[in-house]
K.L.:
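First the structure, which I've put down as structure tokens, then a few questions once you've had a look.
Residue numbers begin at 1 in each chain, while the letters A, B, ... track the order of the sequences. All heavy atoms count here, side chains included; hydrogens, waters and symmetry mates do not. Because the structure is predicted, anything quoted here is derived from the model rather than measured.
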Amino acid sequence: MQNPPHAASRADGPAGSQGAGTSISARAMGALRPDAAAYLEGLNPEQRRAVETTEGPVLVLAGAGTGKTRVLTTRIAHLIATNRARPYDILAVTFTNKAAREMKHRIGALIGPAGEGMPWLGTFHAIGTKILRRHAELVGLKSDFTILGTDDQLRLMKQVILDQNVDEKRWPARALSHAIDGWKNRGLGPEQVPAGEAQAFAFGKGAALYTAYQARLATLNAVDFGDLLLLCLKLWRENPDILQTYQSRFRYILVDEYQDTNVAQYLWLRLLAQGHRNVACVGDDDQSIYGWRGAEVDNILRFEHDFPGAVVVRLERNYRSTGHILAAASGLIARNEGRLGKTLRTDDEPGERVTVTGAWDSEEEARQIAEAIERLQGKKHPLSEIAVLVRISAQMREIEDRFVQLGLPYRVIGGPRFYERAEIRDALAYLRVTANPADDLAFERIVNTPKRGLGDATLQQLHAYARAERVPLLLAARRLCETDELKPRVRSTLRALTESFSRWARSVETQPHSEVAQTILEESGYTEMWQKDRSADAAGRLENLKEFVRSMEEFPDLAGFLEHVSLVMEASEAEGAERVSLMTLHAAKGLEFDTVFLPGWEDGLFPNQRALDESGRAGLEEERRLAHVGLTRARKRAKLSFAVNRRIHGLWSSTIPSRFIDELPEASVDVVEAPAHFSAGASRFGRNPAPFGSSYGTPGWQRAQAAISGRGFGASAGGGRSGGPSGGPRQIEGELVAKSTGSPSAFQGGQRVFHTKFGPGTVAGVDGNKLTVDFDKAGRKMVLDSFLQPG
DNA sequence: TTTCCCTCGTTTTTT
DNA sequence: ACGAGGGAAA
């Protein structure tokens with residue numbers, strides 16, 4: 001394999017017309033290729049260069065919508081098709097399981113089943129796990145180690161903090177967890193933490209806590225996510241021979257989303273890449289939005305320095321967005337200083353300009369968005385091609401409320417993950433103890449779930465015994481039941497539990513694991529617990545449990561299932577329905593939609609004040625990249641908006657439009673103004689609307705009304721259901737201006753009424769001029785009678 | 001052991 | 001405003 005048949009001369013493929021310096025034979029050879037390689041067709045010259053520069057380090061700077069995934073998958077197909085590598089010679093790492101799955105899928109489509117068997121295509125963590133299982137004993141583990149999720153991690157930290165006599169009030173487990181995660185992200189083991197930082201935590205106990213935490217993990221035969229990479233580094237550093245086998249095994253290395261790598265991942269890659277040095281990293285420094293969780297933009301900025309002789313390919317031709325959208329995004333991101341610099345361009349038409357709309361408050365903003373969506377819907381715009389991207393999840397509530405009122409179908413992307421739901425984690429804990437009786441953390445989670453009278457006191461006894469005898473909790477429980485240490489009632493409950501676990505463990509040997517799971521959930525009383533629960537979401541939880549058991553069937557055995565779960569914490573998404581998507585900007589990375597709404601462009605919210613406070617200019621630049629990501633999600637329409645008043649932590653505060661709005665290139669932006677114009681004089685977008693400075697407060701609703709009707713401020717562009725006729729008295733949420741006047745109402749219970757916002761309904765109760773109305777669509781609301789008409 | 005109340009925090013999220 | 005989690009009372 002030293003001389004592959006089609007050894008590429010240099011980067012210039014046949015498409016590169018810079019023939020100078022390319023040998024005749026090479027060109028002749030290239031001329032053959034288009035036939036031989038259908039998969040290369042349709043690639044532009046830069047993409048092709050990124051695919052065909054197979055030898056040596058390559059950095060592909062792939063702007064948004066420039067065909068990044070295509071390059072990555074084609075490159076793999078190319079390596080295999082030209083016999084440069086077999087599927088198992090290639091290491092391809094991604095960040096998310098979703099990305100890994102998609103890549104597998106697309107490679108399969110390109111080269112057929114040959115791509116199915118890429119054993120080393122996966123997330124950093126999945127590959128790290130695979131490697132660690134093979135050499136577990138060399139890093140002090142057994143090969144069936146468990147991978148702890150965040151909740152287990154936290155519980156462990158709490159124990160460690162307690163053990164070390166640190167005040168848990170002052171140094172909460174979360175903070176320790178944060179610190180340790182940070183160290184692990186930077187590739188630092190307990191001994192390598194800089195003394196200063198270790199000192200800073202808990203009066204110098206930082207290092208001791210870290211060490212103790214690792215020791216606890218080791219005794220539990222468990223690792224956390226950080227360890228999956230960190231322990232690989234340790235393994236390789238201490239065993240050069242093993243490192244070398246991996247270095248020579250991976251002839252070609254590919255990395256997706258390189259801008260998101262942290263230091264540990266970078267070190268991990270660098271060690272592996274030192275073998276063949278054929279490492280291709282694909283990323284976009286302008287889409288680095290995970291700095292807060294350890295991603296180092298520096299990794300991508302430093303690539304040429306770290307891999308001397310690297311070829312850098314820029315993909316700047318955008319196939320996604322229209323001209324104005326691209327211009328807006330480019331103009332914005334150009335304000336960042338720490339970037340390698342790319343200029344996206346498109347051959348597409350200029351299209352619609354990016355719109356900017358102001359609203360009086362966040363509720364009106366939500367109303368405007370919903371109306372705009374309904375208008376689009378009226379023009380046959382598919383809802384699945386519309387997305388609303390928010391900066392923080394708290395923004396979603398009002399928008400959802402509005403959608404619910406209108407009966408507009410939507411889905412929230414990136415909500416609580418399936419495997420993170422309490423009922424699923426509980427069920428998992430039962431399975432974990434069944435599969436591995438030494439899994440103390442899982443045991444602790446469910447000893448008293450459902451409630452069976454085994455509380456703290458009992459647990460303390462178990463712990464004491466377990467620690468003294470150096471046995472797992474379950475075994476400790478079993479032994480203590482044989483003594484008179486426990487109160488009779490506790491003893492019998494505990495004995496029943498331990499016996500159940502023994503029984504379940506036995507049945508795993510003989511029965512299908514999903515059936516065992518079903519049995520466990522029933523016999524333990526867990527299902528019953530939710531059946532008795534009267535809260536609203538109990539039914540959903542039971543549904544989830546069913547789905548959980550069903551999903552187990554896809555795996556060959558219990559161990560396989562548990563491994564999958566610990567690495568793949570994502571929701572099973574019901575695809576396909578015709579719905580608007582609602583998500584955070586972070587969750588939107590990698591997705592695209594025809595129309596994208598971007599609400600909440602207000603200073604303090606976006607750019608987020610906290611990001612600014614904590615990371616200064618770097619924070620601002622990351623926020624700006626986030627804005628850039630948001631804009632570049634749109635294919636045809638991007639609609640920005642801001643509200644001048646927003647409720648923050650329950651308090652109404654006035655806000656000013658985001659500085660990012662003023663950074664957009666004017667030529668690509670349309671300001672959608674209310675009929676009577678929204679601000680005279682001030683800057684282009686009505687920055688700092690004079691009459692309501694920061695002094696605006698809750699009692700000011702009178703002023704608010706005056707301002708709105710007087711200036712037409714933020715009146716919805718399309719009229720429609722939210723506002724009265726323009727110029728007339730504006731309606732604000734009935735609740736907000738609700739002031740009981742005491743004057744008797746013209747309405748009576750049972751009467752049919754109509755409300756401009758909520759539609760038709762029936763009066764359920766009367767209190768002065770405040771009415772309780774059961775609306776046909778919106779449910780029960782308190783409204784003022786002045787907003788109602790007899791129906 | 002359980003239940004109720006009070007305090008605290010509240011960007012973004014993967015594995 | 002609001003929910004989660006911890007501590008004190010039943």
K.L.:
Roughly, in whole Å, what's the span from CE in A/Met396 to P in C/dC2?
P.N.:
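Value for this atom pair: 19 Å.
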K.L.:
Could you work out which one of B/dT1, B/dT15, B/dT13 sits closest to the side chain of A/Ala457?
P.N.:
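The answer is B/dT1.
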K.L.:
Is the A/Phe606 ring parallel, tilted or perpendicular to the A/Phe660 ring (thresholds 30°, 60°)?
P.N.:
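If you compare the ring of A/Phe606 with that of A/Phe660, the planes turn out perpendicular.
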K.L.:
Please classify the nucleic acid contact of A/Ser615 as base, sugar-phosphate, or nothing, using heavy-atom distances under 4.0 Å.
P.N.:
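Nothing, no heavy atom under 4.0 Å.
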K.L.:
Quick check for you: among B/dT1, B/dT15, B/dT12, whose closest atom lies nearest to any side-chain atom of A/Ile392?
P.N.:
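In terms of side-chain proximity for A/Ile392, the closest of B/dT1, B/dT15, B/dT12 is B/dT12.
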K.L.:
Take atom CG of A/Leu651 and atom P of C/dC2, then tell me their distance rounded to the nearest Å.
P.N.:
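The answer, rounded to whole Å, is 12 Å.
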K.L.:
Nearest to the side chain of A/Asn97, which nucleotide is it out of B/dT14, C/dG6, B/dT15?
P.N.:
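Shortest atom-to-atom distance from the side chain points to B/dT15.
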K.L.:
Using heavy-atom distances to pick each residue's nearest nucleotide on DNA chain B, tell me which of A/Thr150 and A/Ile289 is more 5'.
P.N.:
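It is A/Ile289 whose nearest nucleotide is closer to the 5' end.
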K.L.:
Which class fits the ring pair A/His586 and A/Tyr290: parallel under 30°, tilted 30 to 60°, perpendicular over 60°?
P.N.:
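Tilted: the ring planes of A/His586 and A/Tyr290 meet at 30° to 60°.
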K.L.:
At 4.0 Å (heavy atoms only), tell me whether A/Lys184 reaches a base, stays on the sugar-phosphate, or touches nothing.
P.N.:
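The residue A/Lys184 makes no contact with any strand.
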K.L.:
Could you state the atom-to-atom distance from CZ of A/Phe145 to C1' of B/dT15 in whole Å?
P.N.:
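Going from A/Phe145 (CZ) to B/dT15 (C1'), I get 13 Å.
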K.L.:
Give a yes/no answer on whether the side chain of A/Lys158 brings an N or O atom under 4.0 Å of OP1 or OP2 in C/dG6.
P.N.:
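It does, given that an N or O in the side chain of A/Lys158 lies less than 4.0 Å from OP1 or OP2 of C/dG6.
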K.L.:
Closest approach to the side chain of A/Arg397, judged atom by atom: which nucleotide of B/dT2, B/dT13, C/dC2 is it?
P.N.:
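In terms of side-chain proximity for A/Arg397, the closest of B/dT2, B/dT13, C/dC2 is C/dC2.
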K.L.:
Could you list the residues that satisfy side-chain hydrogen bond (donor to acceptor under 3.5 Å, both in side chains) with A/Trp236, not counting sequence neighbours?
P.N.:
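With sequence neighbours excluded, A/Trp236 shows a side-chain hydrogen bond (donor to acceptor under 3.5 Å, both in side chains) to no residue whatsoever.
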K.L.:
Look at the side chain of A/Arg391 against the base of B/dT12 and say whether a donor-acceptor pair falls under 3.5 Å; ignore hydrogens and angles.
P.N.:
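Such a pair is found, so the answer is yes.
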K.L.:
What integer distance in Å separates A/Asp224:CG from B/dT15:P?
P.N.:
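Atom CG in A/Asp224 sits about 15 Å away from atom P in B/dT15.
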K.L.:
Could you give the CG-to-C1' distance, from A/Leu585 to B/dT14, as a whole number of Å?
P.N.:
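Taking atom C1' of B/dT14 as the reference, CG of A/Leu585 is at 17 Å.
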K.L.:
Is A/Arg133 close to A/Phe145 at the side-chain level, that is, under 4.5 Å between some pair of heavy atoms?
P.N.:
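Counting from C-beta outward, A/Phe145 and A/Arg133 do come under 4.5 Å.
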K.L.:
If you find the nucleotide of DNA chain B closest to A/Asp456 and the one closest to A/Leu626, which residue's nucleotide is nearer the 5' end?
P.N.:
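Taking each residue's closest nucleotide, the earlier one in sequence belongs to A/Asp456.
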K.L.:
Take atom CG of A/Asn448 and atom C1' of B/dT1, then tell me their distance rounded to the nearest Å.
P.N.:
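To the nearest whole Å, that distance equals 9 Å.
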K.L.:
Are the ring of A/Phe95 and the six-membered base ring of B/dT15 within the stacking cut-offs of under 5.5 Å and under 30°?
P.N.:
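Ring-base stacking flag not set for A/Phe95 and B/dT15.
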K.L.:
Examine distances only and state if a side-chain atom of A/Glu602 and a backbone atom of A/Ala643 form a donor-acceptor pair shorter than 3.5 Å.
P.N.:
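Side chain of A/Glu602 to backbone of A/Ala643, a donor-acceptor pair under 3.5 Å: yes, one is there.
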K.L.:
Counting side-chain heavy atoms from CB outward, which of B/dT15, B/dT14, B/dT1 is closest to A/Thr123?
P.N.:
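From the listed options, B/dT15 comes nearest.
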K.L.:
Looking at the side chain of A/Arg293, which of B/dT15, B/dT13, C/dG6 is the nearest nucleotide?
P.N.:
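Per side-chain heavy atoms of A/Arg293, the pick is B/dT13.
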K.L.:
Could you point out which residue of A/Leu217, A/Asn221, A/Thr146 forms a side-chain contact (heavy atoms from CB on, under 4.5 Å) with A/Leu141?
P.N.:
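So, applying the side-chain contact (heavy atoms from CB on, under 4.5 Å) to A/Leu141 and each of A/Leu217, A/Asn221, A/Thr146, only A/Asn221 qualifies.
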K.L.:
Strictly under 3.5 Å: I want the nitrogen or oxygen pairs between protein and nucleotides 6-10 of chain B, one per line.
P.N.:
from, atom 1, to, atom 2, distance (Å)
B/dT10, OP2, A/Arg610, NH1, 3.2
B/dT10, OP2, A/Arg610, NH2, 3.3

K.L.:
Can you check whether A/His564 reaches A/Glu554 side chain to side chain, under 4.5 Å on heavy atoms?
P.N.:
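They are not in contact (no side-chain heavy atoms under 4.5 Å apart), so the answer is no.
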K.L.:
Answer with base, sugar-phosphate or nothing: what part of the nucleic acid does A/Glu614 contact at a heavy-atom distance below 4.0 Å?
P.N.:
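Contact class for A/Glu614: base.
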K.L.:
Just by distance, no angles: are the side chains of A/Thr449 and A/Asp426 close enough, under 3.5 Å, to form a donor-acceptor pair?
P.N.:
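Per modelled atom types, A/Thr449 and A/Asp426 side chains form no pair under 3.5 Å.
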K.L.:
C/dG6, B/dT13, C/dA1: which one has an atom nearest the side-chain heavy atoms of A/Tyr290?
P.N.:
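Ranking C/dG6, B/dT13, C/dA1 by closest atom to the A/Tyr290 side chain puts B/dT13 first.
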K.L.:
Rounded to whole Å, please give me the gap between CE in A/Met583 and P in B/dT14.
P.N.:
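Roughly 13 Å, once rounded to whole Å.
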K.L.:
For A/Lys169 and C/dG5, what is the distance between atoms NZ and C1' respectively, to the nearest whole Å?
P.N.:
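Taking atom C1' of C/dG5 as the reference, NZ of A/Lys169 is at 11 Å.
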K.L.:
Quick check for you: among B/dT13, C/dA1, B/dT14, whose closest atom lies nearest to any side-chain atom of A/Arg647?
P.N.:
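Minimum distance to the A/Arg647 side chain belongs to C/dA1.
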K.L.:
Looking at the side chain of A/His125, which of B/dT1, B/dT13, B/dT15 is the nearest nucleotide?
P.N.:
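From the listed options, B/dT15 comes nearest.
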K.L.:
Let's see if you can work this out: which of C/dG6, B/dT15, B/dT1 has an atom nearest to the side-chain heavy atoms of A/Thr458?
P.N.:
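Nearest nucleotide to the side chain: B/dT1.
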K.L.:
Side chains of A/Gln395 and A/Glu365: is there a donor and an acceptor less than 3.5 Å apart?
P.N.:
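The answer is no; no qualifying pair exists.
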